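Down below is the structure, laid out as C-alpha cells.
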Amino acid sequence: MNDRTGENITPPSQRPRSPRVPVNFTVELEGSGADERAFHVTAEAVRVSRGGATLVADVSVREGATVRLTPPFGRALDAEVNGVWKDESDGRQRIGVRLLDPNGWFAE
C-alpha cells in the first residue's frame with residue numbers, strides 16, 4: 001500500500017496478454033540478417049499466441065528487424081523480431097516475433 005495515497009500498488013503482471021500455445025508447424029521466414037544480407041529459410045514455429053510466435057531457426061537476425069512469415073495456412077504476415085536466444089535444453093536458436101497486424105494470425 002502506498003502511504004501517501006492509500007492505494008494498493010501492484011507490480012505489472014508477468015503473464016502474457018494472450019496465452020502461448022505449443023505448436024509444431026513450419027513457416028517460411030524471410031528478411032535481412034544481422035549482416036544486412038537477405039535470407040529466406042524454413043523455420044519451425046514452436047509456440048504461438050494471437051500476436052506473436054517463437055520460432056526455431058538458424059539465421060542471424062537482430063532484435064528490431066522486420067521479417068515476413070508465411071505459414072502453411074493463411075497469408076504472409078509481417079513481424080518484428082523482439083528476442084533472439086539459444087535454448088539451453090537443446091542448444092537451438094529461438095527467435096521471438098511480434099506480428100505487426102493487430103489481428104495477428106487471424107487477420108484477413
Side-chain angles (χ1 to χ4, degrees):
M1 189 179 315
N2 185 328
D3 291 335
R4 292 186 352 202
T5 63
E7 296 177 21
N8 285 333
I9 297 176
T10 56
S13 172
Q14 295 298 311
R15 290 184 33 198
R17 286 179 279 212
S18 62
R20 277 29 175 202
V21 179
V23 295
N24 186 4
F25 60 87
T26 60
V27 296
E28 295 298 314
L29 176 64
E30 55 188 300
S32 293
D35 59 1
E36 298 299 322
R37 294 179 67 168
F39 64 82
H40 185 131
V41 299
T42 299
E44 177 186 358
V46 293
R47 288 191 169 276
V48 297
S49 67
R50 177 179 178 86
T54 300
L55 310 173
V56 176
D58 291 323
V59 63
S60 178
V61 64
R62 62 180 166 66
E63 284 189 43
T66 300
V67 295
R68 176 163 282 199
L69 309 174
T70 305
F73 52 86
R75 63 178 177 83
L77 299 162
D78 291 329
E80 178 183 342
V81 175
N82 60 7
V84 179
W85 68 98
K86 279 227 191 246
D87 190 297
E88 292 181 16
S89 67
D90 62 9
R92 298 173 71 195
Q93 178 178 275
R94 302 297 197 269
I95 300 171
V97 297
R98 178 182 64 85
L99 300 177
L100 296 178
D101 189 309
N103 293 318
W105 296 101
F106 309 107
E108 292 188 32

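Keep in mind that what you see is a predicted model, and the values were worked out from it rather than measured.
Residues Val56 and Val27 do not share a hydrophobic cluster, clusters being chains of Ile/Leu/Val/Met/Phe/Trp/Tyr side chains in contact below 4.5 Å. Val46 and Val21 fall into different hydrophobic clusters, defined by Ile, Leu, Val, Met, Phe, Trp and Tyr side-chain heavy atoms under 4.5 Å apart, directly or through other members. Both Phe39 and Val97 are assigned to one and the same hydrophobic cluster, defined by single-linkage of ILVMFWY side chains at heavy-atom distances under 4.5 Å. There is a path of hydrophobic side-chain contacts, each under 4.5 Å, that joins Val67 to Val84.
From Arg94, atom CZ reaches atom CD of Glu44 across 8.0 Å, with rounding to the nearest 0.5 Å. Atom CG of Asp87 is separated from atom CZ of Arg92 by 9.5 Å, given to the nearest 0.5 angstrom. Annotation: the span from Ile95 atom CD1 to Asn82 atom CG amounts to 11.0 Å, rounded to 0.5 Å. We find the CZ-CG distance between Arg47 and Leu55 to be 13.0 Å, quoted to the nearest 0.5 Å. The line from CD of Glu30 to OG1 of Thr66 is 12.5 Å long, rounded to the nearest 0.5 Å. A distance of 5.0 Å separates CG in Leu69 from CH2 in Trp105, rounded to the nearest 0.5 Å.
When all heavy atoms of Ala53 and Val48 are compared, the closest pair comes out as CB-CG1, 4.0 Å. Of all non-hydrogen atoms in Arg20 and Ser49, the two that sit nearest each other are CD-CB, 3.9 Å. Closest approach of Thr26 and Pro72 over heavy atoms only: O-CD, 3.0 Å. Taking all atoms of both residues into account, the shortest heavy-atom contact from Leu99 to Ala79 is CD2-CB, 4.0 Å. Closest non-hydrogen pair, Ser32 versus Val61, comes out as O-CG2, 4.1 Å. Scanning both residues, Ala76 and Arg68, for their nearest heavy atoms gives CB-CD, 3.7 Å.
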| said: Under the criterion side chain to side chain contact (heavy atoms under 4.5 Å, CB included), I'd like the reasoning laid out for Val41 against Glu28: C-alpha separation, chi angles, the key distance, then a yes or no. | reply: CA-CA 6 Å; Val41 299; Glu28 295 298 314; over 6 Å; no
Legend entry - side chain to side chain contact (heavy atoms under 4.5 Å, CB included) assessment of Arg62 paired with Val81: CA-CA 7 Å; Arg62 62 180 166 66; Val81 175; over 6 Å; no
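The aromatic rings of Phe73 and Phe25 sit perpendicular to each other, their planes meeting at more than 60°, with 30° as the lower class boundary.
More than 12 heavy atoms of other shown residues, nucleotides or ligands fall within 6.0 angstrom of atom CG in Asp90.
Under a 3.5 Å cut-off, the side chain of Gln93 and the backbone N or O of Val59 do form a donor-acceptor pair.
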